[in-house]
Amino acid sequence: IPFPMSNSLRVLIVDDDAVDRQAAHRALLASGLDVEVAEADRGAEALDRLTSEGFDAVLLDLQIPDGDGLAILREMQARSIATPIIMLTGHGDEMVAVEMMKAGAADYLSKAKLTPESLARTLRAAVRIGRAEMEAIQAEADRGRLRENLAVQQGQMEAVLTSITDGLVVSDLDGNILAMNPAALTMLGYQGPEDVQRPLEEFTDTFTMNTVDGRELGLEEWPLSRALRGETFSDFEVRVCRRDTGRTWTISFSGTPARGRTGEAILAVVTMHDITEVKEAQQRVAFLAEAGAILASSLETRATLKSVV
């Protein structure tokens with residue numbers, strides 16, 4: 001439970017002795033601090049107010065009729081109440097107060113030596129430390145939420161990448177492959193992401209790339225290299241051959257640099273669409289058309305010759 005973060009302070013005095021409460025109250029008002037004071041004479045009342053209200057600090061007597069200071073401290077911890085506690089001790093209670101500090105209390109003051117100056121000094125230190133601890137807790141909670149959000153977003157992105165039927169390749173600006181989606185891995189004959197997370201130039205040992213008319217492409221002409229240079233392109237048809245198996249594909253590449261919010265390039269992205277079957281079908285159609293034309297021409301020539309004879 002967070003406590004107020006303004007410059008003014010709200011302090012709860014917990015003591016069953018009315019005289020001692022009033023002494024602490026007067027010392028607070030005389031301390032020079034901008035302070036609002038509340039009082040409770042029972043531990044249960046104090047816990048209820050700490051749970052429902054915001055306080056910057058608690059001045060807690062060691063001995064309360066319905067529970068000692070240690071029990072109240074532990075109950076506050078159980079309820080995640082982070083308000084700093086300053087123990088008010090009587091004569092001979094110093095050793096107990098030290099044990100309370102080991103259990104989580106911020107500091108302790110002797111009732112017999114309580115002055116506005118000592119109270120102000122101790123209260124400022126306890127609140128400063130308490131607020132720093134609360135900010136650290138809040139920062140860790142924020143980091144936790146950020147990690148959770150990133151995990152959710154990563155899961156969503158992985159689901160999207162998995163559902164894309166075209167291949168997708170992502171690299172950093174140095175040409176190191178960061179990711180391929182399952183379609184790309186399958187298309188190129190890889191088992192998993194760990195097989196492809198390496199520099200682009202290393203793939204020249206595995207693949208050759210040629211234009212559809214047979215001209216070999218140098219690494220600097222490969223689709224991802226073009227995206228790394230800042231080009232945006234689409235429908236770049238390339239014949240890709242895997243050296244170890246001899247398998248050849250015709251792939252239509254599109255690529256672009258991915259840009260951050262300020263417009264600077266941060267990644268290179270290339271998509272791959274396997275058009276091998278389409279190209280083969282086109283070749284078959286072209287072959288049949290050519291064969292049909294030759295056959296038709298042959299039949300026409302025969303008919304002409306027969307008519308002449």
Side-chain angles (χ1 to χ4, degrees), residues 143 146-284:
R143 286 192 292 270
L146 178 60
R147 286 192 292 268
E148 291 176 0
N149 291 337
L150 288 175
V152 170
Q153 293 174 4
Q154 183 178 2
Q156 292 171 340
M157 182 59 67
E158 289 177 354
V160 170
L161 294 178
T162 300
S163 66
I164 295 175
T165 55
D166 282 351
L168 180 68
V169 181
V170 180
S171 83
D172 64 19
L173 297 183
D174 292 324
N176 299 306
I177 306 299
L178 300 178
M180 286 190 189
N181 71 338
L185 292 171
T186 300
M187 191 182 303
L188 299 178
Y190 288 109
Q191 296 297 316
E194 64 280 356
D195 296 333
V196 297
Q197 292 173 342
R198 48 196 170 96
L200 176 63
E201 57 264 24
E202 293 187 10
F203 288 86
T204 57
D205 294 332
T206 307
F207 296 99
T208 61
M209 291 194 180
N210 294 269
T211 61
V212 291
D213 58 4
R215 183 178 66 84
E216 185 173 355
L217 297 175
L219 178 62
E220 70 281 358
E221 298 178 280
W222 283 22
L224 187 58
S225 297
R226 293 179 59 185
L228 285 167
R229 287 198 300 272
E231 293 185 45
T232 296
F233 57 90
S234 60
D235 301 326
F236 178 35
E237 296 183 3
V238 176
R239 291 184 61 79
V240 179
C241 178
R242 182 151 179 159
R243 295 178 185 272
D244 55 351
T245 64
R247 184 181 176 185
T248 301
W249 307 262
T250 302
I251 297 177
S252 176
F253 287 92
S254 298
T256 186
R259 302 188 182 277
R261 293 183 178 180
T262 59
E264 78 284 5
I266 56 175
L267 298 169
V269 181
V270 167
T271 61
M272 306 185 298
H273 183 64
D274 188 349
I275 58 173
T276 304
E277 292 184 358
V278 172
K279 287 297 181 180
E280 290 176 349
Q282 290 175 346
Q283 290 174 355
R284 287 195 295 270

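Values below: every heavy atom of this structure, side chains too, minus hydrogens, waters and symmetry copies.
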task: Only one of F253, W249, W222 passes side-chain contact (heavy atoms from CB on, under 4.5 Å) with V238; say which it is.
output: F253
message: Using every non-hydrogen atom in the two residues, find where L228 and S171 come nearest and quote the distance to one decimal.
response: CD2-OG, 3.6 Å
query: Between the side chains of S234 and S254, is a donor N or O closer than 3.5 angstrom to an acceptor N or O?
result: no
- request: Establish, for the pair R242 and Y190, whether the NZ or CZ atom is under 6.0 angstrom from the six-membered ring centre and no further than 45 degrees off its axis.
  value: yes
- request: List for me each residue that meets side chain to side chain contact (heavy atoms under 4.5 Å, CB included) alongside D174, sequence neighbours excluded, and say none if there are none.
  value: D172, N176
task: Measure from the side-chain N and O atoms of N181 to the backbone N and O of T165, and report whether any donor-acceptor pair falls under 3.5 Å.
output: no
query: Do I251 and M187 touch side chain to side chain, with heavy atoms closer than 4.5 Å?
result: yes
task: Give a yes or no answer on whether the side chain of R239 reaches the backbone of D213 with a donor-acceptor pair at less than 3.5 Å.
output: no
query: Which atom pair, heavy atoms only, marks the closest approach of P257 to T232?
result: CD-OG1, 3.8 Å
- prompt: Roughly how far apart are R198 CZ and L200 CG, rounded to 0.5 Å?
  reply: 10.0 Å
- prompt: What pair of heavy atoms forms the shortest contact from T250 to T276, and how long is it?
  reply: N-OG1, 2.9 Å
task: State, with a plain yes or no, whether a side-chain heavy atom of T211 is found less than 4.5 Å away from one of L217.
output: yes
Which atom pairs, donor and acceptor, lie under 3.5 Å between side-chain atoms of residues 202-210 and protein residues at least two apart or in another chain?
residue: T204; atom: OG1; partner: E201; partner atom: O; Å: 2.7
residue: N210; atom: OD1; partner: E216; partner atom: N; Å: 3.2

field: Among H273, M272, E277, side-chain contact (heavy atoms from CB on, under 4.5 Å) partner for I275
entry: H273
query: Does D274 reach the side chain of D166, with side-chain heavy atoms less than 4.5 Å apart?
result: no
message: Any non-hydrogen side-chain atom of L219 less than 4.5 Å from a side-chain atom of S225?
response: yes
field: E221: which of R229, R226, R215 passes salt bridge (charged side-chain N to carboxylate O under 4.0 Å, His left out)
entry: R215
message: I'd like to know if the side chain of Q197 reaches the main chain of E194, judged simply by a donor and an acceptor atom lying under 3.5 Å from each other, with no hydrogens or angles considered.
response: no
query: Can you check whether V169 reaches M180 side chain to side chain, under 4.5 Å on heavy atoms?
result: yes
- prompt: Hey, are the side chains of V240 and T248 touching, using non-hydrogen atoms and a 4.5 Å cut-off?
  reply: no
message: To check you understand the geometry: which heavy-atom pair defines the closest contact between A227 and V269, and what is its length?
response: CB-O, 4.2 Å
- prompt: Got a sec: does the CD of E264 have more than 12 other heavy atoms crowding it under 6.0 Å?
  reply: yes
